[in-house]
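Heads up: numbering here begins at 1 and tracks the sequence.
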Amino acid sequence: MAASPPRRVLGLDLADGIGRGNMWACLSMAFAATAVISFLPAAQPYILSGVLGVAKGDQGKIVGLLGVAAEIAMIASLAWYGALADRYGRRPVVLAGFVLCALGAALFPFAGNTTVLVALRVVFALGVAALSGMLSTVAIDYVRDSSRGRSYGLIGLFSGLGAMVAVLALVRLPKILEDGGTAPVTAARLSFLIIAAVVLAVGVLMWFTLSKRRVSAAAERVRLVRLVREGLALARDPGVALSYAAGFVARADLAVVAGFMSLWVADHARTEGGLSGAEALARAGAVVGIAQTTAMLAAPLFGWLGDRMRRQDVVILAQALAAAAYLSTLLVSDPLGSGMMVTAVLVGLGEIAVITTAGPLLAQQAPASVRGSAYGVQTLCGAVGILTVSGLGGYLYDAWRPAAPFVVAGVAGLLVVAFGLAVRHRVAPLSEQDDTPVTAPA
């Protein structure tokens, strides 16, 4: 008897045991997770100026400090989230991610000082770590290999929609409440509480709609430490190493767009444009929204390329494009002018290119039994990338110029291009090798 054809959603061939509802839940998770992940960094300038009253000359340093603290928390947790997902399944980690994000967001505007703000940013970051690692893993788990590039393209599309909603709608919520007569600090706190409640509800919904199955029964019998070590040991494969390096840049790029582009525009709008804090945040949201709209529209293109070209070549192309886009910020003299709009389009194109191409390459190279661990390590590399770019970029933002974080990200992308060109001919898909996990030394 002939096997029945695989079920499909939006042109994706679903993996065995995955229903259409599970795939739609995955896409919904991409939308909701990216919305909340993008909202908090984009709203930070409003909290710093409107709630804490931080001086303009110190805001770049504090944004950098918040980024560094968040990434330290992510570095400490990411590989473990991946191992936990391999052991216990994806749903518990997804639910934990949404709960932690909701808690961090709810309390963020109630911080009385920078120390408390950093602590709450860490709580939020622990949630982001869980969601980031699981989104990449679930997107690959749910489809067959022939659809993995397009799967990432659609994840990028829905993530772009979420980011656009965050920077065009969610960041405007404080201004809407202020226009209705609410005091600025109260408007900030009420806005964050509303968003946190929605995030928590989404987490509960994901628990009931994501697949309950586990990818590998063998992982249940392996100690968590060994799963983490296997994820790290996979880097001996040139394709995995390139994917990890690309992940370093991809997450850093996302952080730069969400955090420093918003800060750059909002800063200039307040000091040079004479706008209020809420108006400046809305103006920054519009610029970041252009970048995210471009990313959303371009995501399916790079997903399609990921299934048509060698995946290592698509990664190299994406990194080169992103590097050029980020370095173009050096040409921007007025962040409220038309030049910034053009740069935002280029940055959005580069951002989504690197985000949608690193994951399919890793899926091609990593055995299913340690896939969660592999994606945990890749997201860990991204956390190190954000740590580097946020720390160095935040310092240079104040000491040199607002384009500095973008320049740092662009240079990092060029280094990945050079590495990719050096190893591209040594990358062999897992299907052409022994399909066995790479184990770390005992």
Side-chain angles (χ1 to χ4, degrees), residues 6 8-15 30 135-137 139-160 234-235 237-251 253-254 294-326 345-367 371 374-375 378 381-382 410 412-433 435:
R8 294 169 65 86
V9 168
L10 299 178
L12 304 177
D13 293 328
L14 302 186
L135 182 56
S136 300
T137 309
I140 294 302
D141 285 346
Y142 282 14
V143 299
R144 298 174 185 268
D145 182 68
S146 60
S147 294
R148 282 171 174 166
R150 281 168 289 159
S151 172
Y152 256 68
L154 282 174
I155 290 295
L157 175 63
F158 278 77
S159 296
L234 284 169
D237 179 288
V240 173
L242 177 58
S243 180
Y244 286 173
F248 176 99
V249 175
R251 292 277 326 288
D253 287 359
L254 182 61
T294 302
M296 177 189 68
L297 296 176
L301 169 63
F302 288 101
W304 178 82
L305 285 175
D307 290 332
R308 294 297 186 276
M309 297 172 59
R310 292 196 308 174
R311 284 172 177 158
Q312 64 267 35
D313 292 340
V314 179
V315 167
I316 294 169
L317 174 65
Q319 294 288 330
L321 176 63
Y326 280 71
V345 169
L346 295 176
V347 165
L349 193 63
E351 173 196 357
I352 202 62
V354 296
I355 289 172
T356 56
T357 54
L361 175 60
L362 183 58
Q364 172 185 283
Q365 305 297 126
R371 187 177 295 149
Y375 276 96
Q378 186 192 55
C381 292
L414 291 178
L415 294 175
V416 175
V417 170
F419 175 66
L421 292 173
V423 303
R424 61 188 290 265
H425 293 301
R426 295 165 48 203
V427 176
L430 185 66
S431 59
E432 299 176 14
Q433 309 166 10
D435 189 11

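The CG atom of Leu321 lies 10.0 Å from the OH atom of Tyr326; values are rounded to the nearest 0.5 Å. Atom CG in Leu242 sits 8.0 Å away from atom CD in Gln319 (nearest 0.5 Å). The CG atom of Leu349 sits 4.5 Å away from atom CZ of Phe302, with the distance rounded to the nearest 0.5 Å. For the atom pair CG (Asp313) and OG1 (Thr357), the distance works out to 11.5 Å, reported to the nearest 0.5 Å. We find the CG-CG distance between Leu157 and Leu301 to be 12.0 Å, quoted to the nearest 0.5 Å.
Counting all heavy atoms, side chain and backbone alike, Ala322 lies closest to Val354 at CB-CG1, 3.6 Å. The two atoms that bring Ala295 and Ile352 nearest to each other are O-CG1, 3.3 Å, heavy atoms only. Nearest heavy-atom pair, Arg150 versus Asp307, reported as atom, atom and distance to 0.1 Å: N-OD2, 2.9 Å. The two residues Gly247 and Ala358 have their closest heavy-atom pair at N-CB, 4.2 Å. Between Leu421 and Ile316, the shortest heavy-atom contact is N-CD1, 3.8 Å. Residues Ala245 and Val416 share a closest heavy-atom pair of O-CG2, 3.7 Å.
Between Ser159 and Ile355, the closest side-chain pair of non-hydrogen atoms is not below 4.5 Å. Between Gln365 and Val427 there is a side-chain heavy-atom pair separated by less than 4.5 Å. Between Tyr142 and Leu12, every side-chain heavy-atom pair lies at or beyond the 4.5 Å cut-off.
Screening Val143, Asp141, Leu14, Asp13 for a side-chain contact (heavy atoms from CB on, under 4.5 Å) involving Ser151 leaves a single residue, Val143.
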